[in-house]
Amino acid sequence: MYTQAIDIPQNHPDSQGADATGRDLAFEAAIADDRKVEPQDWMPEGYRKTLVRQISQHAHSEVVGMLPEGNWVTRAPSLKRKAILLAKVQDEGGHGLYLYSAAETLGVSRAEMVDALHAGKAKYSSIFNYPTLTWADMGAIGWLVDGAAIMNQIPLCRCSYGPYARAMIRICKEESFHQRQGYDIMLSLARGTAAQKAMAQDAVNRWWWPVVMMFGPSDKDSVHSGQTMKWGIKRISNDDLRQKFIDATVPQADLLGLTIPDPDLRWNPERGHYDYGEIDWAEFWQVVNGDGPCNRERLDARVAAHDKGGWVREAATAHARKAAIRERRSAA
Ligand code: FAQ
């Protein structure tokens with residue numbers, strides 16, 4: 001899928017490239033005509049860097065995002081739920097791998113991206129720094145976190161950068177299964193005993209606001225949105241996606257008979273949207289800046305997993321080296 005990466009992009013220092021004005025115009029025309037920019041095409045350095053930042057953060061989010069749910073694989077209440085959860089967590093790991101591959105087409109290596117994460121220099125989504133305390137959290141994550149992720153990611157299927165857009169198409173198909181499995185858990189709990197329904201409500205109470213924050217700072221405080229929207233990377237602003245998510249989710253909560261923990265939430269017929277309460281941006285920035293409930297635990301777990309997996313990488317590299325020698329010998 002990403003074999004284009006072996007071509008040297010024309011904006012790479014090793015490339016001679018065409019004259020600067022022609023290259024700029026070709027790039028701008030591709031954006032204006034809504035054509036895809038591909039790895040071998042010339043692109044402005046700012047566009048490349050923005051994509052590396054966003055795609056690598058996205059990849060890290062998928063991989064770190066395996067941890068909160070992975071915590072419950074051994075404690076799922078039935079064999080069926082365990083198999084589904086295991087498959088979902090594996091899917092998230094796969095999403096991380098497609099996204100690292102998409103970012104690699106921009107001239108950055110997976111090792112560099114992973115090092116940046118482990119050094120605390122690269123971000124991942126704030127949402128994965130909250131703890132998973134009960135089984136109902138598996139329902140709330142699937143329903144709300146994956147629901148928010150789909151809302152954010154469907155427009156990314158139309159991103160101007162080809163490899164990212166194509167990766168997102170498959171990811172979104174899988175996320176939609178994830179969202180439904182989460183809703184199915186919530187439905188079982190909400191229709192179960194009073195204690196089960198209370199557990200589901202408690203999960204919604206704890207996850208609702210962090211999920212609403214997941215869409216990022218409000219448009220007036222979003223540093224990158226203006227430029228990324230001009231470049232066709234982001235198609236819908238943080239606040240508009242947040243509003244779309246709230247509008248879609250309130251009726252789903254009603255169907256479950258669960259209450260959204262926002263006393264200011266009400267339908268506004270003039271706007272044709274739900275009004276909602278004030279977001280605690282101090283909490284958001286605290287979590288983004290590394291001081292949320294589980295930031296240290298998540299990063300430590302990632303670093304430990306990477307270190308423990310070192311022998312697998314070494315074995316795979318040794319195997320590839322031997323296979324290449326064998327191939328060369330048989331071709332000689
Ligand atoms: N957490 O100027 P903006 C998933 C940072 S995948 C942490 O608005 P931008 C699947 C932002 O990076 C979830 N940091 O930035 C799953 C920037 O800092 P920087 C991840 C955040 O890029 C489900 C600064 O704030 N999805 O859930 C957050 O235009 C279940 C200023 O913000 C993606 O990554 C945040 N929530 O918009 C897995 C989607 N929000 O980089 C497992 C792709 C903002 O200058 C289980 N990414 N920041 O240091 C995007 O759409 C965008 O990058 C946004 C942020 C919307 C996340």
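Whatever order the structure lists ligands and atoms in, that order sets their numbers, starting from 1.
Pairs engaging residues 165-206 under the ring-ring contact (aromatic ring centres under 6.0 Å, His included) rule: H95-H178, W143-Y183 [sequence neighbours left out].
Under the rule for a ring pair (Phe, Tyr, Trp, His ring centres under 6.0 Å), the partners of Y274 that lie at least two apart in sequence or sit in another chain are W267.
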Considering only N or O atoms, set out every pair between ligand 1 and the protein closer than 3.5 Å, with distances to one decimal place.
{"residue": "ligand 1", "atom": "1 (N)", "partner": "S126", "partner atom": "N", "Å": "2.9"}
{"residue": "ligand 1", "atom": "1 (N)", "partner": "S126", "partner atom": "OG", "Å": "3.4"}
{"residue": "ligand 1", "atom": "2 (O)", "partner": "S222", "partner atom": "OG", "Å": "3.1"}
{"residue": "ligand 1", "atom": "2 (O)", "partner": "V223", "partner atom": "N", "Å": "2.8"}
{"residue": "ligand 1", "atom": "2 (O)", "partner": "H224", "partner atom": "N", "Å": "2.8"}
{"residue": "ligand 1", "atom": "8 (O)", "partner": "S222", "partner atom": "OG", "Å": "2.7"}
{"residue": "ligand 1", "atom": "8 (O)", "partner": "N238", "partner atom": "ND2", "Å": "2.9"}
{"residue": "ligand 1", "atom": "12 (O)", "partner": "Q57", "partner atom": "OE1", "Å": "3.0"}
{"residue": "ligand 1", "atom": "12 (O)", "partner": "Q57", "partner atom": "NE2", "Å": "3.4"}
{"residue": "ligand 1", "atom": "22 (O)", "partner": "R53", "partner atom": "NH1", "Å": "3.1"}
{"residue": "ligand 1", "atom": "22 (O)", "partner": "R53", "partner atom": "NH2", "Å": "3.2"}
{"residue": "ligand 1", "atom": "29 (O)", "partner": "K234", "partner atom": "NZ", "Å": "2.6"}
{"residue": "ligand 1", "atom": "36 (N)", "partner": "S126", "partner atom": "OG", "Å": "3.1"}
{"residue": "ligand 1", "atom": "36 (N)", "partner": "M214", "partner atom": "O", "Å": "3.1"}
{"residue": "ligand 1", "atom": "37 (O)", "partner": "K234", "partner atom": "NZ", "Å": "3.0"}
{"residue": "ligand 1", "atom": "41 (O)", "partner": "R53", "partner atom": "NH1", "Å": "2.9"}
{"residue": "ligand 1", "atom": "41 (O)", "partner": "Q57", "partner atom": "NE2", "Å": "2.8"}
{"residue": "ligand 1", "atom": "45 (O)", "partner": "H224", "partner atom": "NE2", "Å": "2.6"}
{"residue": "ligand 1", "atom": "49 (O)", "partner": "K123", "partner atom": "NZ", "Å": "2.5"}
{"residue": "ligand 1", "atom": "51 (O)", "partner": "N152", "partner atom": "ND2", "Å": "3.0"}

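Proximity of P261 to V204: side-chain heavy atoms (C-beta onward) are separated by under 4.5 Å at one or more points. Between Y98 and M168, the closest side-chain pair of non-hydrogen atoms is not below 4.5 Å.
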### Message
What verdict does the ring pair (Phe, Tyr, Trp, His ring centres under 6.0 Å) test give for H60 and Y100, after you've listed the backbone C-alpha separation in whole Å, the side-chain angles of each residue and the deciding distance to 0.1 Å?
### Response
CA-CA 8 Å; H60 300 326; Y100 284 128; 5.5 Å; yes
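In the hydrophobic clustering, where aliphatic and aromatic side chains (Ile, Leu, Val, Met, Phe, Trp, Tyr) are joined below 4.5 Å either directly or transitively, I154 groups with I150.
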